[in-house]
Amino acid sequence: MSFSLRVILVAIVMVTMTANICCATDYNVGDSTGWNTGVDYTAWAKGKTFKVGDTLVFKCAVGAHNVIEVNKGEFEGCKATQGMPLTSGKDRVSLRSSGPKYFICGVAGHCGLGQKLTITDS
Ligand SMILES: [Cu+2]
């Protein structure tokens with residue numbers, strides 16, 4: 001392989017890596033409504049493409065809600081059995097792997113009222 005071809009290949013790799021870093025997106029879950037009851041998070045997530053490296057930001061009043069990452073069964077049953085709740089009121093969850101993710105609020109009754117979010121990736 002010639003020197004110039006190698007230079008071009010290295011340049012292509014660097015541009016690709018930079019593109020991945022540049023395009024990580026922070027998503028404010030629920031946008032201006034934040035992480036609350038009475039919000040349709042299915043509608044919020046619809047049409048969005050989530051990628052590894054993106055971050056979900058769950059904003060709510062401290063103590064009013066929390067965020068627990070759960071599995072599909074827990075999500076459907078609104079019952080977290082193992083995840084640790086995030087309670088800062090401005091919790092950031094980075095997407096580190098592909099595949100669906102499931103989140104609920106662990107405050108009694110809130111998940112049943114619709115405070116639950118599932119995302120799929122591209
Ligand atoms: Cu809640």
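Numbers here simply count residues along the sequence, with the first being 1.
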Given W35, which partner from the list Y41, Y27, W44, F103 fulfils the ring-ring contact (aromatic ring centres under 6.0 Å, His included) test?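 Of the listed options, the one satisfying the test is Y41.
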Side-chain heavy-atom pair [X], [Y] within 4.5 angstrom cut-off:
{"X": "K51", "Y": "L95", "value": "no"}
{"X": "I119", "Y": "L56", "value": "yes"}
{"X": "V93", "Y": "V29", "value": "no"}
{"X": "T87", "Y": "V62", "value": "no"}

Between the side chain of [X] and the main-chain N/O of [Y], is any donor-acceptor distance below 3.5 Å?
{"X": "E76", "Y": "G73", "result": "no"}
{"X": "K59", "Y": "N28", "result": "no"}
{"X": "T118", "Y": "K101", "result": "yes"}
{"X": "D54", "Y": "T25", "result": "yes"}

Would you say NZ of K48 has more than 12 non-hydrogen atoms from neighbouring residues, nucleotides or ligands within 6.0 angstrom?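 Counting other residues, nucleotides and ligands, NZ of K48 exceeds 12 neighbours.
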Grab the two heavy atoms, one from G112 and one from C78, that are nearest each other, plus how far apart they are.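 Taking G112 first and C78 second, the nearest heavy atoms are N-SG, 3.6 Å.
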Pair L86, R92 - check side chain to side chain contact (heavy atoms under 4.5 Å, CB included), show working. CA-CA 9 Å; L86 305 172; R92 299 172 61 85; over 6 Å; no
